[in-house]
2 protein chains.
Amino acid sequence: MISDKMVSLVKNSSVIRAMFEEGRKMAAEFGKENVYDYSLGNPSVQPPKAVTDAIVETAYNPDLNYVHGYMSNVGFDEVRDKIAASINKRFNTAFAKQNIVMTVGAAGGMNVIFKVLLNPGDEVITFSPFFGEYRNYVSNFDGRLIEIEPDTETFQPRVDLLKENISAKTKVVIINSPNNPTGVVYSLETLKKIAAILEEKQKELGTSIYIVSDEPYRELAYDGVEVPYIPCVYRNTIVGYSFSKSLSLPGDRIGYLVIPSEIDDYEDVFAAAGVATRILGFVNAPSLAQLFVSKCLDEKVDLEIYNRNRELLYDSLCKYGYECIKPEGAFYLFVKALEPDDKAFAAKAKEKRLLLVPGSTFGCAGYVRIAYCVDYDMILRSLPAFEALAREYGR
Amino acid sequence: MISDKMVSLVKNSSVIRAMFEEGRKMAAEFGKENVYDYSLGNPSVQPPKAVTDAIVETAYNPDLNYVHGYMSNVGFDEVRDKIAASINKRFNTAFAKQNIVMTVGAAGGMNVIFKVLLNPGDEVITFSPFFGEYRNYVSNFDGRLIEIEPDTETFQPRVDLLKENISAKTKVVIINSPNNPTGVVYSLETLKKIAAILEEKQKELGTSIYIVSDEPYRELAYDGVEVPYIPCVYRNTIVGYSFSKSLSLPGDRIGYLVIPSEIDDYEDVFAAAGVATRILGFVNAPSLAQLFVSKCLDEKVDLEIYNRNRELLYDSLCKYGYECIKPEGAFYLFVKALEPDDKAFAAKAKEKRLLLVPGSTFGCAGYVRIAYCVDYDMILRSLPAFEALAREYGR
């Protein structure tokens with residue numbers, strides 16, 4: 001009796017769910033410490049202590065109907081004020097609360113903005129490899145996801161293929177940098193090229209093409225690399241931010257959209273975002289979380305922990321003969337599978353109790369994603385398995 | 001550039017938003033204490049102290065990556081266990097965690113279950129008057145909302161009209177008791193009649209027709225009235241519960257679906273609900289809220305405060321010549337407008353600084369909704385305005 005769409009969604013979801021279940025079973029069979037689960041992007045670094053303090057302070061606010069009550073669907077005015085000020089300080093922008101919509105994480109924000117923008121059949125462009133859930137977010141509103149094939153040398157977006165993929169139906173180009181699943185940070189030069197193409201095509205087609213910048217990994221950048229702020233590069237940019245990784249709060253479901261006043265049809269888009277937030281069933285981002293993150297805007301998780309994982313895993317895998325670019329952000333390595341079929345390779349890895357996600361999930365077959373947001377000790381314990389796996393393939 | 005659907009959604013939303021804005025302006029002009037805002041269902045009674053204690057205890061849990069991390073999309077196992085046990089104790093049911101899906105409030109739950117069940121063109125039946133957002137939740141999935149006209153004598157559902165409104169496309173009948181906007185509690189007798197008709201039509205049509213019981217007001221019942229638990233009356237029932245009103249936590253966005261094992265296609269429906277939770281962008285209900293409400297399942301807000309409001313307002317309005325049934329639940333009075341056009345009447349009321357929502361918003365013209373989840377003192381201050389308004393109409 002479930003809907004036709006859900007039948008196929010459940011079927012397609014079962015690959016990753018099967019991995020979960022498999023991991024649990026393996027942990028029961030071999031012991032948790034002997035299973036090396038690199039499948040999940042669930043932060044392993046603790047939230048800063050300031051988060052706990054902020055929650056407690058908020059909980060003790062005597063005005064409980066304020067802390068736990070409804071506010072405007074776009075979020076508390078004072079929270080949006082603080083977030084705008086914090087962005088302005090960092091990126092020299094001029095946002096105010098009327099540019100901020102609080103959302104149920106970045107996933108909530110993406111759904112809100114697609115609900116606002118997409119007519120059935122409208123096209124959303126994504127550069128491969130990409131976060132597989134984009135397929136579902138776009139299909140929720142009967143849009144079409146256009147995948148631009150990857151540059152497997154650098155994993156920078158194939159800007160050379162952008163122009164030919166833009167049509168009169170193109171409403172959105174998704175940018176996700178630092179990228180899931182590659183960890184790559186898109187360079188300012190690349191972003192400027194994308195912006196120039198979009199400006200040109202907008203003029204030619206007489207349409208508006210928005211960049212939706214999905215930024216859950218913005219704060220996770222290593223080696224001092226800068227992650228360019230796209231609204232400063234391209235006018236029609238909407239940012240989807242999340243505190244899931246920057247403060248290790250993925251379960252709390254808190255993030256925001258930045259809708260700059262400069263975008264085409266700003267007033268309609270902002271008003272519609274508030275309505276979409278309500279009718280999609282979010283109503284508003286969780287009130288307690290809005291209030292406590294607003295007290296932690298200058299806080300960060302300890303990046304050095306992820307960095308240590310990155311260095312150890314990257315160096316070790318190279319040594320064993322794997323091919324991989326060294327990522328500058330997020331907490332993923334995107335490693336070339338040692339045979340063309342990434343699913344077969346992931347199955348072989350599983351025999352060594354290594355749980356890796358096939359790259360085809362991210363629109364890029366022949367690779368696997370390794371999420372290194374795990375305990376350093378687990379990485380150490382897993383290294384012999386990675387080495388043995390490489391040996392099996394004659395490395 | 002916003003989508004065609006959003007254009008009309010924003011336009012239709014503007015009636016209520018205009019009321020908000022108007023209320024703010026009036027407060028600025030006449031002073032906040034001289035504006036009598038009865039428009040919003042935002043709880044005025046404080047959450048129980050146990051809520052604050054539970055938040056603080058949860059925040060201090062040393063395993064911060066557990067408290068703030070991802071869990072299964074359907075929610076924490078241990079939270080769902082506790083909720084199932086709590087329901088079983090109250091209603092003599094036999095639910096377990098595999099019958100519970102944690103949701104972003106009842107609105108999130110309704111969207112999840114409609115995503116799961118509805119193909120485009122499928123029909124959802126609602127009894128007028130009804131919570132106007134159902135229109136949007138159903139239209140999110142291209143379903144058709146079928147409104148059964150009201151019985152304005154009792155505001156019990158017109159069961160006599162149910163059969164003729166059921167077709168082969170009927171997937172869901174929404175029940176919302178205690179009801180928004182009338183406050184009426186549907187009697188066990190009425191529910192049994194509905195169940196019998198649905199059983200009969202299911203057999204005749206060879207379809208499954210689910211009751212979706214939207215229960216944010218379950219705990220708000222007065223005069224010792226019992227609110228029947230519908231899964232005990234009709235097998236194919238899915239419950240959407242929320243802590244928004246029972247614990248005065250509407251901003252926190254926390255609730256759950258009950259999906260009994262006995263419903264048709266239980267396994268598909270439950271699996272699809274988890275997937276729908278993820279891809280609609282909720283991902284999961286807020287983790288902190290899941291954990292802290294699970295410590296407060298036996299807590300309630302102080303109902304006597306709402307009851308005092310109800311008695312004062314009901315008695316006063318009757319004395320002034322208004323017609324209204326005395327509601328047994330929720331925190332609304334649904335009062336007959338003193339002229340046939342409820343919008344014109346609400347406009348007249350606004351001249352007296354009384355903000356009331358026209359019944360047509362709830363599919364029932366000729367009435368206004370008065371939300372009495374307000375300060376008792378505001379009610380006292382507003383009484384002369386209600387009296388003067390009645391006089392204007394010759395009462």
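Chain letters run A, B, ... following the sequence lines, proteins first, then strands; residues in each count from 1. When reading the values below, keep in mind they use all heavy atoms of this one structure, side chains included, and skip hydrogens, waters and symmetry mates.
In this structure, chain B has a heavy atom under 4.5 Å from the backbone of A:L118, while its side chain stays farther away. A:K49 does not touch chain B: none of its heavy atoms, backbone or side chain, sits under 4.5 Å away. For A:V45, the part lying under 4.5 angstrom from a heavy atom of chain B is the backbone only. With a 4.5 Å cut-off on non-hydrogen atoms, A:P48 does not touch chain B at all. For B:T103, no part lies under 4.5 angstrom from a heavy atom of chain A. There is no contact between B:A106 and chain A, counting heavy-atom distances below 4.5 Å. No part of A:T58 comes within reach of chain B, as not one of its non-hydrogen atoms sits under 4.5 angstrom from that chain. Contact annotation for A:K171: only side-chain heavy atoms (C-beta onward) come within less than 4.5 Å of a heavy atom of chain B.
Residues A:N136 and B:R278 form a side-chain contact, since some pair of their non-hydrogen atoms from C-beta on lies under 4.5 Å apart. Side-chain contact check for B:V104 versus A:R253: every heavy-atom pair is 4.5 Å or farther apart. Inter-residue side-chain proximity for A:S13 and B:V275 is flagged as met; some heavy-atom pair is nearer than 4.5 Å. Taking 4.5 Å as the limit, some side-chain heavy atom of A:T52 sits within range of a side-chain heavy atom of B:Y60. For the pair B:F141/A:K5, no side-chain contact is recorded, criterion being any heavy-atom separation below 4.5 Å from C-beta on. Between B:I279 and A:S139, the closest side-chain pair of non-hydrogen atoms is not below 4.5 Å. Proximity of A:V10 to B:D268: side-chain heavy atoms (C-beta onward) are nowhere separated by under 4.5 Å. A 4.5 Å side-chain heavy-atom check between B:M1 and A:V269 finds every atom pair outside the cut-off.
With chain A as the partner, the residue from B:G69, B:P43, B:G274 showing the most heavy-atom pairs under 4.5 Å is B:G69. When each of B:N119, B:I254, B:D265 is checked for heavy-atom pairs under 4.5 Å with chain A, B:N119 comes out on top. The choice from A:Y137, A:F282, A:F292, A:Y210 that makes the most heavy-atom pairs within less than 4.5 Å of chain B is A:F282. Per-residue counts of heavy-atom pairs under 4.5 Å with chain B were compared for A:S287, A:S3, A:G41; the largest is that of A:S3. Contact count against chain A (heavy-atom pairs under 4.5 Å) is highest for B:L280 among B:L280, B:D142, B:L117. Counting heavy-atom pairs closer than 4.5 Å to chain B, the top residue among A:V116, A:L249, A:I55 is A:V116. Counting heavy-atom pairs closer than 4.5 Å to chain B, the top residue among A:M110, A:M6, A:R135, A:Q290 is A:M6. Note: B:P250 leads B:A107, B:A59, B:P250 in heavy-atom pairs under 4.5 Å with chain A.
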Problem - Verdict with reasoning, A:L9 to B:K115, per side chain to side chain contact (heavy atoms under 4.5 Å, CB included) - result: CA-CA 11 Å; A:L9 287 166; B:K115 172 90 176 171; 4.2 Å; yes
Exercise for the section: Step by step, work out the side chain to side chain contact (heavy atoms under 4.5 Å, CB included) result for A:L247 and B:H68. Expected result: CA-CA 10 Å; A:L247 294 176; B:H68 301 289; over 6 Å; no
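For A:R144, the CZ atom sits in a loose shell: 12 or fewer heavy atoms of surrounding residues, nucleotides or ligands are nearer than 6.0 Å. Counting non-hydrogen atoms of other residues, nucleotides and ligands closer than 6.0 Å to CD of A:E78 gives a total above 12.
Across all non-hydrogen atoms, the minimal contact from B:A272 to A:I2 is CB-CD1, 4.0 Å. Minimum heavy-atom separation, A:N284 to B:G251: ND2-O, 3.1 Å.
With A:D252 contributing its side chain and B:P286 its backbone, the two residues share no donor-acceptor pair below 3.5 Å.
Remark: B:N65 CG to A:S44 OG distance equals 7.0 Å, nearest 0.5 Å.
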